[in-house]
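Below, read A as the first sequence line, B as the second, and so on, with proteins coming before strands; counting in each chain starts at 1. Atom set for the values below is all heavy atoms of this structure, side chains included, hydrogens, waters and symmetry mates excluded.
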Amino acid sequence: MQPTQALLKRYRKLPLTTKDIKKGFYKGTRTGSMGSHTKYGGYIIDYNKVRTYVVPAGLDSFKLSPFVSAKIEPTRGRYEGYALGPKSPELYLDRWKAENGMD
Amino acid sequence: MAASGSLRSSICRIVHPTKIFPTGHTTIGIGLSTASSQKCSFSSTPEYNNRRPRRDNNRLRGLSSIYRSGTRFRMNIDKEDVPAPTKYKPKVKVDPNHGLWDFFYSKDSSLITPDESTEHGRGWTVEELRHKSWEDLHKLWWVCIKEQNRIFTLRKERSRLKLPEGAEEGAARLREVRTTMRSIRHALTERWYAWEDARKLAETDPEIDLNNTQSPFTPKDYLEEELPVENTTPTGDKPAGFMAEEPAPSKPTEAQEPVTKP
């Protein structure tokens with residue numbers, strides 16, 4: 001949804017809220033677009049745009065925690081021979097060939 | 001005597017007859033005035049507005065059991081002896097496995113001490129999470145979300161009870177959790193882009209045929225005789241560079257050993 005053209009031009013810098021200027025001024029609240037408006041004033045929700053939070057099963061028996069022991073020093077990975085290091089596609093392909101390729 | 005007294009009193013009460021009868025029965029008034037000087041209103045019935053009952057319509061005004069006002073009228077018992085409302089709090093059965101318990105660290109108390117709050121390690125690094133599967137990372141993300149919920153609930157509870165002591169410890173704990181979450185997101189984004197780039201690269205790879213969905217990978221070893229070694233490592237072994245935690249045995253000059261164990 002867009003505000004009226006007049007408001008886009010000169011008055012953009014005004015600190016307006018959602019409650020100002022009865023008609024013609026729309027200001028969202030950072031929740032995002034969830035569908036589309038109909039020409040009769042209604043709204044059709046597009047569920048492809050709607051956020052869905054998927055909680056995985058088996059959280060109770062999961063062993064990992066958000067923390068790692070402070071005694072374990074963080075190490076850097078070794079990616080000799082690969083130009084981009086961990087981001088290199090050659091690395092991905094080599095690993096795929098070694099682990100998954102023959103499936 | 002009586003006649004003179006009545007005359008005298010009637011003289012005081014001389015009222016113009018037309019003012020009493022605004023409807024204008026002036027003929028009667030004229031007759032009265034001419035006959036005698038005694039003036040009075042036509043009827044003793046009060047005006048319509050004055051006929052309504054003048055009372056307090058609220059029969060129970062001021063009576064309150066919660067403020068313990070006492071009875072409205074005198075009774076044989078004192079105000080102190082009037083029974084007070086009972087302190088009734090219904091006992092609610094709580095499910096010990098309810099999901100909302102995950103917002104707290106323990107069921108006994110809504111708070112934990114700052115020392116207990118400090119008992120945590122460091123957050124995961126991206127390197128550590130690169131090795132983890134999608135399922136593990138997904139579950140770890142939600143474990144982090146739940147831990148965040150606990151930390152925020154603790155923060156809210158401390159501010160409600162006005163206890164400023166544990167704020168920094170809580171913030172440090174939250175920082176580690178958010179580090180882990182950031183690392184998870186980093187690892188997954190990296191994996192996605194690497195996959196995209198690898199797919200593009202696979203189109204140019206002679207060993208891979210992407211149209212063949214059953215077995216796109218046909219290693220050279222099985223098809224042709226051995227060719228001279230190329231830049232990329234032979235398909236059978238793991239290349240020396242990637243994911244190596246110890247130096248490859250074929251390179252004796254390497255003196256450094258990465259620290260993997262405490």
Gap between atom CZ of B/Arg122 and atom OG of A/Ser69 - 0.5 Å precision: 8.0 Å

Evaluate salt bridge (charged side-chain N to carboxylate O under 4.0 Å, His left out) for B/Asp136 paired with A/Lys63, printing each intermediate quantity in order. CA-CA 10 Å; B/Asp136 277 352; A/Lys63 299 271 171 50; over 6 Å; no

Around B/Lys156, counting heavy atoms of other residues, nucleotides and ligands shown, do more than 12 lie under 6.0 Å from its NZ? no

Closest approach of A/Phe67 to B/Glu176 (non-hydrogen atoms, all atoms of both residues): CE2-CB, 3.6 Å

So, does A/Trp96 use its side chain to make a donor-acceptor pair with the main chain of B/Ala198 at under 3.5 Å? no

Is the number of heavy atoms from other residues, nucleotides or ligands within 6.0 Å of CZ (B/Arg150) greater than 12? yes

What residue in B/Leu201, B/Ile184, B/Thr125 has the most heavy-atom pairs under 4.5 Å with chain A? B/Leu201

Does a side-chain heavy-atom distance below 4.5 Å link B/Glu135 with A/Pro56? no

May I ask you to decide whether A/Lys97 forms a salt bridge with B/Asp205, counting only side-chain N to carboxylate O separations under 4.0 Å? yes

Take a 6.0 Å sphere around OH of A/Tyr43 and say whether it holds more than 12 heavy atoms from other residues, nucleotides or ligands. yes

Using a 4.5 angstrom heavy-atom cutoff, name the option from B/Asp197, B/Thr179, B/Val126 with the most pairs to chain A. B/Asp197

Are any non-hydrogen side-chain atoms of A/Leu64 and B/Trp124 less than 4.5 angstrom apart? yes

Is B/Lys132 in contact with chain A via its backbone, its side chain, both, or neither, using a 4.5 Å heavy-atom distance? side chain

A/Asp60 atom CG: more than 12 heavy-atom contacts under 6.0 Å: no

Check step by step if side chain to side chain contact (heavy atoms under 4.5 Å, CB included) holds for A/Thr75 and B/Glu128. CA-CA 8 Å; A/Thr75 53; B/Glu128 288 160 358; 5.8 Å; no

Whatever's closer than 4.5 Å to a heavy atom in chain A on B/Arg173 counts as both

Between B/Arg130 (side chain only) and A/Gly77 (backbone N and O only), is there a donor and an acceptor less than 3.5 Å apart? no

Can you tell if the side chain of B/Gln148 reaches within under 4.5 Å of the side chain of A/Pro66, non-hydrogen atoms only? no

Could you state the interatomic distance from CG (A/Leu93) to NZ (B/Lys200), rounded to the nearest 0.5 Å? 12.5 Å

Using heavy-atom distances under 4.5 Å, tell me whether B/Trp195 contacts chain A through its side chain, its backbone, both, or neither. both

Kindly check if the number of other-residue, nucleotide or ligand heavy atoms within 6.0 Å of CZ (B/Arg185) is above 12? no

What do you reckon, is CZ of B/Arg155 surrounded by more than 12 foreign heavy atoms closer than 6.0 Å? no

Atom pair CG/OH of A/Leu84 and B/Tyr193 - distance to nearest 0.5 Å: 14.5 Å

May I ask you to name which of A/Gly85, A/Ser65, A/Ser88 has the most heavy-atom pairs under 4.5 Å with chain B? A/Ser65

Could you check if a side-chain atom of A/Phe62 sits within less than 4.5 angstrom of a side-chain atom of B/Val143, using non-hydrogen atoms only? yes

Is it the case that over 12 heavy atoms from other parts of the model lie below 6.0 angstrom from the CZ atom of A/Arg30? no

Which atoms of B/Ile208 come close to chain A, meaning under 4.5 Å heavy atom to heavy atom: side chain ones, backbone ones, both, or neither? side chain

Are B/Ile145 and A/Val55 close enough, and set up right, to give a side chain to side chain contact (heavy atoms under 4.5 Å, CB included), and what steps lead you there? CA-CA 11 Å; B/Ile145 293 275; A/Val55 184; over 6 Å; no

Salt-bridged, B/Glu127 to A/Arg76, with N to O below 4.0 Å? no

